[in-house]
Each structure stands twice: as C-alpha cells, then as structure tokens.
Amino acid sequence: MSRPPLIALPADVRTFENYCWHAAPDTYLKALTRVAGSIPILVPAMAEEIDVEALLARVDGVMLTGSVSNVHPDRYGAPPSVAHEPFDPDRDRMTERLIRTTIAMGVPLLAICRGHQELNVAFGGTLVPELQEVEGRMDHRAIKHHEQRERFAIRHDVAIERGGLLASIVGPGPIRVNSLHRQGIDRLGDGLTVEARAPDGTIEAVSVTTAASFALGVQWHPEYWAETDAASRAIFEAFAAACRDRPQLS
Ligand SMILES: N[C@@H](CCC(=O)NCCCC(=O)O)C(=O)O
C-alpha cells in the first residue's frame with residue numbers, strides 16, 4: 001500500500017458548552033499521524049446508526065483509546081456501583097459492536113487502556129472496579145498532578161510473556177510503562193492470550209489468540225510517549241505495518 005492507512009477511532013461522548021460532543025484526545029491522534037504515519041478517522045459513538053461492516057470495509061485498522069469513563073458493569077454481569085462510574089454507554093455500545101466485527105473481518109486492532117478492558121469484556125471477560133482496593137495489588141491510578149506529562153510518567157515494569165505478539169514487537173522485556181487506571185482485567189475473556197503482567201499480577205497486555213491480523217490490547221498508554229519511548233514507538237510501528245499490509249478492497 002502506498003497511501004497512509006486509515007485508522008478508525010471510536011469517540012467518547014462528552015457534554016461541553018451545552019452541546020453533546022463525540023471526541024478523542026489529541027495524544028492518540030498525534031501518535032497515529034506522527035509515528036504510525038496514518039490518518040485517524042473519528043467514529044461517532046452512534047452504534048445504532050453506523051454500518052460498522054461498511055466502515056470496516058473502508059479502513060485499514062481500528063484503535064480504541066483510553067478514557068476516564070468505565071465500561072458499564074452490565075456488560076460483564078456485575079452490579080453497578082459508584083466504584084464503576086463514570087460511564088459512557090454510547091461508547092460501550094459502539095466499541096462492543098466494533099471489536100467483534102473488527103476481529104471477524106481481520107482488521108488490525110490496537111486497544112489502549114479502556115480499549116484493553118473493552119476488548120476483554122467483548123470476549124466475555126470481566127473487570128475489577130478498584131484495583132487498588134484488592135489485597136496485594138498496586139495502586140495503578142494516575143498520580144494527582146496538574147501536568148499531564150507527570151500523570152503519564154513511566155511508572156512500573158511489565159513482564160513480557162515469552163513467544164507472544166508483544167514480545168515479537170518490543171523484545172523479551174521487561175519494559176517500563178505508565179499507569180492511569182483504576183480498573184483491570186479480572187476474568188480473562190475466552191480467546192484472549194495474556195501478553196504481559198505487572199509485578200502484582202495485573203494483566204497489562206492481551207492478544208486475540210486466533211486473530212487473522214494484529215490484535216493487541218495494552219493497559220498502559222504507549223500513545224503518550226510514542227515519539228520518544230522505544231517500546232511505545234515499536235507498538236505503533238507494528239500496528240501501522242499490519243494496517244498497511246491489510247488486503248485492499250479491489
Ligand atoms: N477508566 C478506566 C480506563 C482508564 C483509562 O483509559 N485511562 C485513560 C487516561 C485517563 C486519565 O487521563 O486519567 C480505568 O480507570 O481503569
């Protein structure tokens with residue numbers, strides 16, 4: 001393929017200045033344009049009005065962003081509580097449909113943070129709402145700081161599973177990653193493979209075991225340091241390569 005890959009990015013829904021917005025943070029967009037050499041295509045969270053199959057026939061990859069919002073516990077059979085808030089049900093509906101169809105159509109997928117959790121739930125897995133309240137787990141939340149670069153600072157090691165997709169991208173590791181999440185994978189979804197773990201055992205990366213193409217979820221934020229951090233850059237370059245290799249519509 002000579003043209004830049006088109007990457008679909010499902011949006012979050014936000015209310016701002018009396019309007020409802022469908023939006024995504026520019027850190028993800030810049031990683032796609034500057035490191036992956038691709039064109040981000042923002043997809044509104046309008047699952048009932050968008051033909052997902054038609055969309056996926058026209059793009060070369062899908063990237064799921066992080067978000068402060070959480071997957072609604074109804075989607076994995078847990079009773080809602082304050083610990084699970086805030087929610088974004090429109091995004092939930094869009095990403096649930098998008099993930100399954102993306103994998104079924106062999107479209108490359110990179111799922112980041114909330115996206116990693118959405119991937120797990122889409123494959124029948126569950127989430128734990130407040131990791132830091134679980135005995136033996138680290139506090140994976142962002143530090144309280146007025147500067148984003150401090151909130152997204154590299155924080156802890158992750159051990160890379162040998163012989164997996166992530167190891168083929170970043171090497172045997174361990175690598176060091178940032179951490180801005182309260183939730184985490186509890187029961188692993190059927191058909192997912194663990195690719196990396198934090199020192200406390202938290203699942204930090206997964207792949208779709210039988211995916212026809214690149215299908216990786218990471219709990220950390222490689223987009224934030226994609227231009228300067230070797231492992232972050234390698235993930236985006238590997239994703240971009242898979243998107244470029246996707247067979248084109250005739
Ligand atoms: N809301 C989920 C997923 C966390 C996530 O995607 N974080 C993105 C950065 C949010 C921020 O800027 O704080 C969870 O909390 O586990």
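The shown structure was predicted, so the numbers you read here are calculated from the model rather than taken from an experiment.
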Taking all non-hydrogen atoms of both residues into account, name the closest pair between L119 and V206 and its distance.
CD2-CG2, 3.8 Å
Side chains of T126 and R75: donor-acceptor distance under 3.5 Å anywhere?
no
Residues that R187 engages under side chain to side chain donor-acceptor pair (under 3.5 Å), provided they are two or more places apart
none
To the nearest 0.5 angstrom, please state how far the CD1 atom of I160 sits from the CD1 atom of I175.
4.0 Å
Any donor-acceptor N/O pair, D186 side chain to L127 backbone, under 3.5 Å:
no
Here the salt bridge (Lys or Arg N to Asp or Glu O under 4.0 Å) pairs for residues 196-218, sequence neighbours left out, are none
Taking all atoms of both residues into account, what is the closest heavy-atom pair of M63 and I112, and its distance?
SD-CD1, 4.1 Å
Can any side-chain N or O of Y224 pair as donor or acceptor with the backbone N or O of R149 at less than 3.5 Å?
yes
Which of parallel (below 30°), tilted (30 to 60°) and perpendicular (above 60°) describes F214 and F239?
tilted
Can you get from L9 to V59 by hopping between Ile, Leu, Val, Met, Phe, Trp and Tyr side chains that sit under 4.5 Å apart?
no
Count I, L, V, M, F, W, Y as connected when their side-chain heavy atoms are under 4.5 Å apart, and connections chain through other members. Are L110 and I203 then in the same cluster?
no
I'd like to know whether M138 forms a side chain to side chain contact (heavy atoms under 4.5 Å, CB included) with H156, so could you lay out the CA-CA distance, the side-chain angles of the two residues, the decisive distance to 0.1 Å, and finally the verdict.
CA-CA 10 Å; M138 300 158 22; H156 67 72; 3.6 Å; yes
Are side-chain heavy atoms of T15 and W21 found at a separation under 4.5 Å?
no
Candidate pair E53 and T101, rule side chain to side chain contact (heavy atoms under 4.5 Å, CB included), full reasoning:
CA-CA 7 Å; E53 289 77 5; T101 312; 3.9 Å; yes
Just how far is it from atom OG of S38 to atom CZ of R3, taken to the nearest 0.5 Å?
11.0 Å
With heavy-atom distances below 4.5 Å as the criterion, would you say the side chains of N70 and P86 are in contact?
yes
What is the minimum heavy-atom distance between L180 and A142, and which atoms define it?
CD2-CB, 3.5 Å
Any side-chain heavy-atom pair of F87 and V71 under 4.5 Å:
no
Could you grab the distance from atom OG of S232 to atom CG of N178, nearest 0.5 Å is fine?
7.0 Å
Out of R141, R182, Q183, which residue meets the side-chain hydrogen bond (donor to acceptor under 3.5 Å, both in side chains) rule with E130?
R182
With side chains defined as the heavy atoms from C-beta onward, is the minimum distance between R155 and W220 less than 4.5 Å?
no
Linking I/L/V/M/F/W/Y whenever their side-chain heavy atoms sit closer than 4.5 Å, directly or via other members, would L131 and V158 fall into one cluster?
no
Smallest heavy-atom separation, P40 atom then T33 atom, equals CD-CG2, 3.6 Å
For the residue pair F123 and D190, establish whether any side-chain heavy-atom pair is separated by less than 4.5 Å.
no
Under the rule for side chain to side chain donor-acceptor pair (under 3.5 Å), what residues qualify as partners of H116, not counting sequence neighbours?
none
Could you walk me through whether H145 and F152 pass the side chain to side chain contact (heavy atoms under 4.5 Å, CB included) check?
CA-CA 10 Å; H145 200 285; F152 281 82; over 6 Å; no
Close side-chain approach of D88 to R14, heavy-atom, < 4.5 Å:
yes
Does R151 use its side chain to pair, donor to acceptor, with the backbone of H146 at less than 3.5 Å?
no
Heavy atoms of P108 and T102 approach each other most closely as O-CG2, 4.2 Å
Side chain to side chain donor-acceptor pair (under 3.5 Å) evaluation trace for S69 with R91:
CA-CA 9 Å; S69 71; R91 167 161 173 169; 5.7 Å; no
Tell me the closest heavy-atom pair linking R244 and P5, and the distance in Å.
CG-CG, 3.5 Å
Closer than 3.5 angstrom, by distance alone: can the side chain of H22 be matched with the main-chain N or O of A45 as a donor-acceptor pair?
yes
What distance separates H72 NE2 from E96 CD, expressed to the nearest 0.5 Å?
12.5 Å
Enumerate the salt bridge (Lys or Arg N to Asp or Glu O under 4.0 Å) contacts for residues 36-47, please, sequence neighbours excluded, ordered by first and then second residue.
none
Verify the cluster assignment for L64 and M105: are they in a single hydrophobic cluster under the rule of side-chain heavy atoms below 4.5 Å apart?
yes
Check whether any side-chain heavy atom of E48 lies under 4.5 Å from a side-chain heavy atom of R93, and answer yes or no.
yes
What distance do E195 atom CD and S207 atom OG have between them, rounded to the nearest 0.5 Å?
3.5 Å
Do D90 and V13 have side-chain heavy atoms sitting under 4.5 Å apart?
yes
Would you please name every residue forming a ring pair (Phe, Tyr, Trp, His ring centres under 6.0 Å) with Y28, sequence neighbours left out?
none
Dump the intermediate steps for side chain to side chain contact (heavy atoms under 4.5 Å, CB included) on C113 and H221, then the final yes or no.
CA-CA 7 Å; C113 208; H221 289 270; 3.2 Å; yes
Applying side chain to side chain donor-acceptor pair (under 3.5 Å), name anything that partners D92, two or more places apart in sequence or on another chain.
R114
Please report the C-alpha distance between D60 and R246 in whole Å, then the side-chain angles of each, then the deciding distance to 0.1 Å, and finally whether the salt bridge (charged side-chain N to carboxylate O under 4.0 Å, His left out) criterion is met.
CA-CA 6 Å; D60 306 298; R246 188 190 176 204; 5.4 Å; no
Charged tip of R34 within 45° of F236 ring normal and under 6.0 Å
no
Run R233 and E237 through salt bridge (charged side-chain N to carboxylate O under 4.0 Å, His left out) and show every step you take.
CA-CA 6 Å; R233 172 176 285 275; E237 290 177 345; 3.1 Å; yes
Quick one: does T209's side chain have a donor or acceptor within less than 3.5 Å of a partner on G191's backbone?
yes
Are I41 and L32 connected into the same hydrophobic cluster when the rule is that any two of I, L, V, M, F, W, Y join if their side-chain heavy atoms are below 4.5 Å apart?
no
Where the side chain of E161 meets the backbone of V194, is there a donor-acceptor pair that is under 3.5 Å apart?
no
Is the backbone N or O of L29 less than 3.5 Å from a side-chain atom of D26, with the two atoms forming a donor-acceptor pair by type?
no
Hey, is the main chain of G189 close enough, under 3.5 Å, to the side chain of N120 for a donor-acceptor pair?
yes
